[in-house]
Structures are given as structure tokens and as C-alpha cells.
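Before any comments, here is the structure.
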Amino acid sequence: QVQLVESGGGLVQPGGSLRLSCAASGRSFREYPMGWFRQAPGKEREFVATTRWIGGAAYQKWYTDSVKGRFTISRDAAENTVSLQMNSLNPEDTAVYYCVASSTRLIASSASNSGNYDYWGQGTQVTVST
């Protein structure tokens, strides 16, 4: 049984940083995308970032525009983990963040589609507030 377990959420002040981590078990996602979505209260689920190992030390990475330059996704494909370093957080980043994994080798045009991810974690709350 595949499980994705997130950690690292919490409360942070505007301008602060948090690091989310996710560990997958039950199968290897070494060659497949893992990433993050988020859902704020009263809003639809939104793509944040995803990454896929493409060989050696090379990874493809995709981000939604609102987090580019502030968030960094990283991956240890051998360890079946994915992390999201979030800097310069603002209240609009407040949401439940979900770790996701796909069994399809996604391309840029499909990476942001939630329907292309087969596995989801339970979510971790991130709250940005004074």
C-alpha cells in the first residue's frame, strides 16, 4: 500500500520560512514526479510545484507563478522523498499543503493537473499570520 506522509507545517509570521517534507513508502517513485498542491479555505486545490528525476543529478522542476523565486522543490529520488523550502511567506500562502506522486512521466503541460497524480498525502497545515 502506497503512503505519502508529510511533515513540517505550522504557524509562521509573514516573511518567514518553512520547510515541508514528504516520504513515500510502498513503491518507488524514482523515475516519476512527486510534488505539492495546496488548498486554501474556500478555494480550489492549486498546483504549487513538482519535480521529476531525469537521470544523473538532473531534475525537471515546475512551479506555479505565484511561488517562483520564493519556493524551492527538491528531491531525493533514491530515498523516495520530496521537500519544499518556502521563503518569504505571505498570508496568501496559508493553506493545507498536500504531497503528491504520479505513476506517469508527466510533461510541463500536464504537471499542474491534479488528475494526473495517483497518490496524495493527508496534508499539512501552513498558516502565515501575525
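This one's a predicted model, so the numbers in the text were calculated from it and none came from an experiment.
- No donor-acceptor pair under 3.5 Å is formed between the side chain of Thr127 and the backbone N or O of Thr94.
- In this structure, CG on Leu4 lies 13.0 Å from OH on Tyr98, to the nearest 0.5 angstrom.
- Every residue meeting the salt bridge (charged side-chain N to carboxylate O under 4.0 Å, His left out) condition with Arg38, not counting sequence neighbours, appears here in chain and number order: Glu46, Asp93.
- The cationic atom of Arg27 (NZ for Lys, CZ for Arg) does not lie both less than 6.0 Å from the six-membered ring centre of Tyr119 and within 45° of the ring axis.
- Without hydrogens or angle criteria, Tyr117 side chain to Ala111 main chain gives a donor-acceptor distance under 3.5 Å.
- Between Val82 and Leu84 the shortest side-chain heavy-atom distance does not fall below 4.5 Å.
- With sequence neighbours excluded, no residue forms a side chain to side chain donor-acceptor pair (under 3.5 Å) with Lys61.
- The side chain to side chain donor-acceptor pair (under 3.5 Å) test applied to Gln60 returns Arg52, not counting sequence neighbours.
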task = Apply side chain to side chain contact (heavy atoms under 4.5 Å, CB included) to the pair Phe29 and Arg75, showing each step before the final yes or no.
result = CA-CA 11 Å; Phe29 291 99; Arg75 180 82 184 271; 3.7 Å; yes
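- A donor-acceptor pair under 3.5 Å is absent between the side-chain atoms of Asn80 and the main chain of Ala23, judged by distance alone.
- Remark: the backbone N or O of Arg19 is not paired with any side-chain donor or acceptor of Gln85 at under 3.5 angstrom.
- With Ser102 contributing its side chain and Pro33 its backbone, the two residues share no donor-acceptor pair below 3.5 Å.
- Atom CD of Gln122 is surrounded by 12 or fewer heavy atoms from other residues, nucleotides or ligands within 6.0 Å.
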